[in-house]
Amino acid sequence: MAKLDLNRVPMPRQEPEVRAKNFSEVALGYSLKQALAEANRCILCPKRNCVAGCPVNVDIPDFVKAMREDDMLAAVRILKSKNALPGICGRVCPQETQCEVACVIGKRGAPIAIGRLERYVADWERANMSPESLAPELPKPTGKRVAVVGSGPAGLTAAAELAKLGHSVTIFEALHVAGGVLMYGIPEFRLPKEIVQAEVDYVTSLGVELTLNSVIGKIDTVDELLESGYQAVFLGTGAGLPMFMNIAGENLNGIYSANEFLTRVNLMKAYQFPEYDTPVKVGKRVAVIGGGNVAMDSARCALRLGADEVYIIYRRSEVEIPARREEVENAMEEGIQFKLLTNPKQFLGNDQNWVVGMECYQMELGEPDESGRRRPIVKEGSEFIIDVDVVIVALGTTPNPLIAQTTKGLKTSKWGTVVADEETGRAEKPGVWAGGDIVTGAATVISAMGAGKLAAADIDRYLRGE
Amino acid sequence: MNQILLRQDLVPKIHLFKVAAPKIAGKAQAGQFVIVRIDERGERIPLTIADWDRKGGSITVVFMEVGTTTCRLAQLGAGDSITDFVGPLGLPTHIEKFGTVVCVAGGFAVATIMPIARAMRQAGNRVISIMGARSKNLIFWEDELRRVSDQLIVTTDDGSYGRKGLVTEPLRELLSGDGKISRVIAIGPTVMMKFCAKTTEPFGVKTIVSLNPIMVDGTGMCGCCRVAVSGATRFVCVDGPDFDGHQVDWDLLMARQRIYLDEEKRSFEQCQCQHGTKS
Ligand SMILES: Cc1cc2nc3c(=O)[nH]c(=O)nc-3n(C[C@H](O)[C@H](O)[C@H](O)COP(=O)(O)OP(=O)(O)OC[C@H]3O[C@@H](n4cnc5c(N)ncnc54)[C@H](O)[C@@H]3O)c2cc1C
Ligand SMILES: Cc1cc2nc3c(=O)[nH]c(=O)nc-3n(C[C@H](O)[C@H](O)[C@H](O)COP(=O)(O)OP(=O)(O)OC[C@H]3O[C@@H](n4cnc5c(N)ncnc54)[C@H](O)[C@@H]3O)c2cc1C
Ligand code: FES
């Protein structure tokens with residue numbers, strides 16, 4: 001047996017100076033040769049820790065084995081039997097904290113690059129197969145109707161699973177495209193929209209009906225859906241309400257929520273203005289407040305639009321940054337400047353109501369708080385001013401209250417999340433299930449998919465009268 | 001796809017579309033709006049629901065050409081379709097029997113105040129309407145508004161028709177007169193709404209305005225439409241569009257409406273529709 005290579009095959013990427021000026025995908029994907037070399041590092045150990053680490057239990061060693069045997073079609077089938085959206089997960093899942101962290105090779109060197117292999121297989125399928133050719137044979141229709149509200153990863157997964165079980169499914173989506181955060185939030189250079197669209201097309205190829213431009217709570221309430229012939233309703237409406245800081249000057253011109261900024265850029269394609277009609281302010285000096293994936297995406301979009309300087313303003317230190325390590329490194333390479341242990345006190349405007357500066361505190365870390373991370377504390381008298389002309393607030397989101405306000409008997413927590421059983425997704429209200437960010441608050445693509453899957457299984461049991 | 005069933009050119013640059021949208025027509029209430037996106041490259045813009053036909057399944061919108069999107073919209077006609085048409089959004093206007101209600105409309109808002117005046121009258125109010133335009137050639141729907149009002153006052157800035165002057169003058173007279181005014185609804189250009197609110201404030205008459213900030217989604221997910229009311233930040237698309245005019249931070253609203261002036265100008269220059277609109 002060949003000696004185990006402790007290093008993974010590096011991912012080919014666009015050079016930082018080049019990619020900082022375009023919206024094309026940063027990571028270019030493995031070639032067949034690279035993919036096979038990486039797949040061959042797997043020792044196909046019997047422990048299968050990686051499978052347990054995957055929130056939807058993809059049979060990782062099996063698809064890697066199929067790859068090694070050059071049976072890509074089998075690899076696709078194995079992958080897709082557990083994960084309807086592999087092209088997306090292969091790109092944005094935090095594998096480093098899920099499957100890859102459990103890899104036995106990780107004890108001695110770099111774990112198998114499972115995410116990159118997953119991406120390879122999904123991209124191979126897209127390049128070589130038509131979406132329909134892989135659609136599983138559908139069982140006889142059960143005659144039961146399910147309404148899925150929201151077309152993010154939770155809703156898409158629930159819809160696909162239910163359709164595969166023979167139920168008739170309609171997705172209601174508020175926006176003019178399906179995909180949720182995958183379309184409006186995560187930028188093109190990290191997740192090309194063509195890939196999201198292909199995965200949405202796969203779901204509709206299963207017979208799922210997609211009704212866009214339908215805001216549930218307005219055009220129909222959840223109760224009206226239940227009354228009008230849907231036997232079950234799945235809520236996958238995400239956590240779309242942006243949080244602001246409630247500090248002075250927050251409504252100045254040039255201050256965006258990350259949701260607004262990213263929606264303009266990604267969903268409305270403002271980076272192609274004026275060919276596309278929706279504008280976005282291109283700042284010269286842009287400050288992004290926050291340290292999560294959303295902040296990294298906002299900062300990197302601002303840079304690509306043409307900003308001279310882009311700062312990440314984060315109140316803790318580098319080790320606490322919640323964004324994926326890989327994205328932080330990408331951002332740093334591209335020239336995003338990290339101003340750590342810094343927190344805004346107020347925004348300063350000119351007489352035209354435009355933001356011109358941001359007064360910040362220097363912070364220091366104290367004792368750990370409830371989250372286990374060291375609590376940031378203001379250093380008294382440390383105020384200083386940063387000149388900025390665009391600010392993006394990326395401090396998190398909570399569920400939009402619309403559904404909760406218009407649905408009788410739905411229980412919500414004090415954070416506005418919908419209360420649902422963790423194992424089944426059942427909400428307090430009969431006939432209603434919920435999963436994804438609407439239940440957990442802002443989380444991950446794969447956890448939303450996992451919740452959609454569990455709920456679909458329970459809805460199926462319910463519809464069959466078990 | 002939502003087909004345009006009827007187009008009417010009411011006055012230069014102000015047009016009416018009746019659009020097939022059965023679901024929205026079944027739900028629409030006075031004061032709500034739709035978000036419209038013409039095509040794949042289009043911006044999402046809000047337009048108030050000026051009327052609905054529940055049986056016929058259509059929604060009426062009335063819009064004024066002010067920039068790229070409204071200009072491109074004005075190039076469409078009966079038979080054409082609008083890619084995206086979402087609604088009904090926002091909260092309906094609060095309708096109740098108050099007593100005497102004054103409805104003040106400026107510009108295209110004569111159309112959008114119609115369903116409110118009608119609902120207020122149906123609720124048993126005495127409705128006095130004031131409609132204002134710059135000049136006689138911009139007056140439309142005078143008869144329609146008269147039909148849903150107990151009294152109608154028309155003003156033009158240049159005096160070419162009705163009373164000369166701004167809508168705030170007859171409004172002030174009504175408030176200083178003998179009859180008790182219980183509520184004022186003012187809809188129109190932002191400055192007009194601001195001055196209506198300033199006019200009624202000393203009289204302590206509750207004045208409802210329909211705010212028109214820039215929007216994107218219209219569902220509460222972006223915060224682009226935020227305004228300050230009574231010192232608190234509110235999202236117009238979900239908390240409004242109606243607010244107490246005495247509590248609105250008008251300067252902030254007007255400043256935020258100007259965020260994209262440079263971009264709008266650039267976009268409009270590119271937009272081929274300047275070379276000849278059908279008005
Ligand atoms: C910028 C950004 C970057 C991210 N990066 C990553 C990453 O790298 N990796 C990762 O794992 N996760 C990432 N996440 C988190 C991840 O995207 C979310 O956790 C996930 O999308 C949640 O899925 P969901 O289906 O619950 O909701 P969403 O994706 O939010 O979808 C909800 C859908 O419901 C629709 N909706 C809402 N209300 C209504 C209504 N009343 N009627 C009809 N439809 C409605 C919305 O329009 C939306 O389309 C990121 C999030 C953001 C914002
Ligand atoms: C709740 C609401 C209801 C409205 N109802 C009507 C109506 O019934 N009839 C009508 O003619 N107009 C209405 N408007 C205003 C209408 O939306 C704007 O005139 C339109 O968006 C202008 O777009 P444009 O591309 O033609 O012009 P632009 O040149 O892009 O903009 C002209 C001005 O319109 C405003 N504006 C620009 N983009 C938007 C946007 N996406 N959303 C809101 N405002 C914007 C800005 O203040 C801008 O300076 C309403 C606005 C709101 C918020
Ligand atoms: S328009 Fe986006 S929140 Fe109101």
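Just so we're on the same page: letters track the sequence lines, and every chain starts at 1.
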Glu194(A) atom CD, neighbour heavy-atom count above 12 within 6.0 Å
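Open: at most 12 neighbouring heavy atoms sit under 6.0 Å from CD of Glu194(A).
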
If we only count heavy atoms from C-beta on, is the [X] to [Y] side-chain gap below 4.5 Å?
{"X": "Leu175(A)", "Y": "Met221(B)", "result": "yes"}
{"X": "Ile35(B)", "Y": "Leu89(B)", "result": "yes"}
{"X": "Met358(A)", "Y": "Ile313(A)", "result": "yes"}
{"X": "Leu305(A)", "Y": "Phe23(A)", "result": "yes"}
{"X": "Thr60(B)", "Y": "Ile49(B)", "result": "no"}

For chain A, which residues of residues 186-194 of chain B have at least one non-hydrogen atom nearer than 4.5 Å to it?
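When heavy atoms of chain A are the reference, residues 186-194 of chain B contributes no residue within the under-4.5 Å range.
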
At under 4.5 Å between heavy atoms, what parts of residues 36-46 of chain B are in contact with chain A? List them by residue number.
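Under the 4.5 Å heavy-atom cut-off, Arg37(B), Glu40(B), Arg41(B), Gly42(B), Glu43(B), Arg44(B) qualify.
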
Cut-off 3.5 Å, side chains only: do Thr219(B) and Asp217(B) have a donor facing an acceptor?
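Yes.
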
Cut-off 3.5 Å, side chains only: do Ser267(B) and Thr68(B) have a donor facing an acceptor?
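Side chains of Ser267(B) and Thr68(B): pair found under 3.5 Å.
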
Using non-hydrogen atoms only, which part of [X] is less than 4.5 Å away from chain B: side chain, backbone, both, or neither?
{"X": "Glu275(A)", "result": "both"}
{"X": "Lys269(A)", "result": "neither"}
{"X": "Leu262(A)", "result": "neither"}
{"X": "Asn400(A)", "result": "side chain"}
{"X": "Gln405(A)", "result": "neither"}

Which residues in residues 177-187 of chain A have any heavy atom closer than 4.5 Å to a heavy atom of chain B?
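Within residues 177-187 of chain A, the residues that come under 4.5 Å of chain B (heavy atoms only) are Tyr184(A).
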
Is any residue of residues 240-248 of chain A within less than 4.5 Å of chain B by heavy atoms, and which ones?
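Those residues of residues 240-248 of chain A which have a heavy atom under 4.5 Å from chain B are Gly240(A), Leu241(A), Pro242(A), Phe244(A).
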
Closest contact, heavy atoms only, [X] versus [Y]:
{"X": "Phe17(B)", "Y": "Leu76(B)", "value": "CZ-O, 3.6 Å"}
{"X": "Ala239(A)", "Y": "Thr397(A)", "value": "O-OG1, 2.9 Å"}
{"X": "Phe234(A)", "Y": "Ala434(A)", "value": "CE1-C, 3.7 Å"}
{"X": "Asn212(B)", "Y": "Leu253(B)", "value": "OD1-CD2, 4.4 Å"}

Segment of [X] engaging chain A (4.5 angstrom heavy-atom cut-off):
{"X": "Arg256(B)", "answer": "both"}
{"X": "Leu91(B)", "answer": "both"}
{"X": "Phe85(B)", "answer": "backbone"}
{"X": "Lys27(B)", "answer": "side chain"}
{"X": "Val238(B)", "answer": "neither"}

With side chain to side chain contact (heavy atoms under 4.5 Å, CB included) as the criterion, how do Trp52(B) and Ile24(B) come out once you've worked through the C-alpha distance, each side chain's angles and the decisive distance to 0.1 Å?
CA-CA 9 Å; Trp52(B) 54 86; Ile24(B) 306 175; over 6 Å; no

Do you know which of Asn251(A), Ile255(A), Asn259(A) has the most heavy-atom pairs with chain B at a distance under 4.5 angstrom?
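Most pairs with chain B among the choices: Asn251(A).
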
Is Lys18(B) salt-bridged to Asp51(B), going by a charged N under 4.0 Å from an acidic O?
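Looking at Lys18(B) and Asp51(B), the cut-off is not met.
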
Salt-bridge contact Lys23(B)-Asp220(A) (side-chain N to carboxylate O under 4.0 Å)
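Result for this pair is yes, salt bridge flagged.
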
Check against salt bridge (Lys or Arg N to Asp or Glu O under 4.0 Å), Arg72(B) and Asp277(A):
CA-CA 11 Å; Arg72(B) 289 183 55 212; Asp277(A) 287 343; 2.6 Å; yes

